[in-house]
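Computed over heavy atoms, backbone and side chain alike; hydrogens, waters and symmetry mates excluded. Counting starts at 1 for both ligands and their atoms, following the listed order.
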Amino acid sequence: MTDVGGDNAIEVRGLHKAFGTVEVLRGIDFSVARGEVVCVIGPSGSGKSTLLRCVNLLEEPSAGRITVAGTEVTDPDVDIDRVRRRIGMVFQSFNLFPHLTALENLTIAQRRVLRRDRAAAERLARDQLARVGLGDKAAAYPAQLSGGQQQRVAIARALAMAPELMLFDEPTSALDPELVGDVLAVMRSLARDGMTMLVVTHEMGFAREVADRVVFMDGGLIVEEGTPKRVVGAPRHERTRTFLSRVLDPAAARVDGTGGPDGPDGPGPVTTPPLRPAP
Ligand SMILES: Nc1ncnc2c1ncn2[C@@H]1O[C@H](COP(=O)(O)OP(=O)(O)OP(=O)(O)O)[C@@H](O)[C@H]1O
Ligand SMILES: [Mg+2]
């Protein structure tokens, strides 16, 4: 197995992905260093989810090489289940098992995939539920939890597998605005603990505050990337500016007088309206 990734947690080279005749990713090169938090932003349909799904081979790339934690996942001989075990994935929809309690949602993969015994799996599950602020919800079923709590269970479930990196695909965009903050707080603390994170998000406040790097995608290409301050604060490309001006509605930023997303309570009001820009 070729190690093209060096010290990077994720290395993507010349990635193309077509669905039929439609080329959705048109040559993506990028990497995520260990411990780095990278936020991917961009309009609907630009290929953000497809990129994430290629990283853990939920989609098979049409061309290119992807290396995750030193293993080339695009190597035809790769044991992809082994690689996937090292990657935590959190989606917009929480994908919890409705007939299992929070605790059981966290133990099932540990027991089946990692072959941990019940006691060890439950101990780890309780640790992770506590970590996301849900230590008292172990016995609750998903239907008894709010969307934000369900998403935190989903994050805890991924963490219980002790992943080397976490992929998030719009983890807060299905949530009511008042529930977004708790989920972002969990993600912020994960980032502080040094987790490698690749996050597709429209939460510009979060991106500005937490991301080491922001990647702006449009039309299946990376248009620009850099520090949040640079990309969000001083975008170089017209397409980035247009996208950001839609997302960062200046009128919304002044609603409560805090002046934007950088206030003491983390993501400010600019992050709370539905931020999906018009296609
Ligand atoms: N399985 C599929 N079959 C055919 N086309 C697909 C498939 N998955 C995605 N696409 C198309 O690929 C393009 C990129 O989709 P993708 O979901 O990656 O965009 P996105 O940037 O995540 O958008 P959004 O912000 O709406 O989530 C879209 O035009 C979409 O319709
Ligand atoms: Mg998407």
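- Under 4.0 angstrom from ligand 1, there are no non-hydrogen atoms of R53.
- Each of L221 and L51 belongs to its own hydrophobic cluster when Ile, Leu, Val, Met, Phe, Trp and Tyr are linked at side-chain heavy-atom distances under 4.5 angstrom.
- Atom CG of L198 and atom CZ of R213 lie 9.0 Å apart (nearest 0.5 Å).
- Under a hydrophobic clustering in which Ile, Leu, Val, Met, Phe, Trp and Tyr are joined whenever their side-chain heavy atoms come within less than 4.5 Å, directly or via other members, M161 and L106 fall into different clusters.
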Table please: side-chain donor-acceptor pairs of residues 136-148 below 3.5 Å, with sequence neighbours left out.
unit_1: Q144; atom_1: OE1; unit_2: Y141; atom_2: N; d: 2.8
unit_1: S146; atom_1: OG; unit_2: G148; atom_2: N; d: 3.4
unit_1: S146; atom_1: OG; unit_2: Q149; atom_2: N; d: 3.1

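- Contacts between T50 and ligand 1, counted as non-hydrogen atom pairs separated by less than 4.0 Å, involve both the backbone and the side chain.
- Ligand 1 places these atoms under 4.0 Å from at least one heavy atom of S46: 19 (O), 21 (O).
- Taking distance alone, with nitrogen or oxygen atoms compared against 3.5 Å, G45 approaches ligand 1 more closely than that limit.
- Contact atoms of ligand 1 toward S49: 17 (O), 18 (O), 20 (P), 22 (O), 27 (O) (distance under 4.0 Å to a heavy atom of the residue).
- Considering backbone and side-chain atoms together, G47 places an N or O closer than 3.5 Å to an N or O of ligand 1.
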With a 3.5 Å cut-off and sequence neighbours excluded, list the donor-acceptor pairs that the side chains of residues 52-63 form with protein atoms.
unit_1: R53; atom_1: NE; unit_2: E59; atom_2: OE2; d: 3.2
unit_1: R53; atom_1: NH2; unit_2: E59; atom_2: OE2; d: 3.3
unit_1: S62; atom_1: OG; unit_2: A18; atom_2: N; d: 2.8

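- Summarising the geometry, atom CD1 belonging to I87 is positioned 7.0 Å from atom CD1 belonging to I10; distances are rounded to the nearest 0.5 Å.
- For atom 27 (O) of ligand 1, the nearest non-hydrogen atom from the set E170, M217, H202 comes from E170.
- For the ligand labelled ligand 1, residue P43 lies inside the 4.0 Å heavy-atom shell.
- In the hydrophobic clustering of ILVMFWY residues, with side-chain heavy atoms under 4.5 Å counting as a link, L124 and L159 come out apart.
- The ligand atoms of ligand 1 that sit less than 4.0 angstrom from a heavy atom of V24 are 11 (C), 12 (O), 13 (C), 14 (C).
- Among the backbone and side-chain atoms of S49, an N, O or S atom lies under 2.8 Å from the Mg ion (ligand 2).
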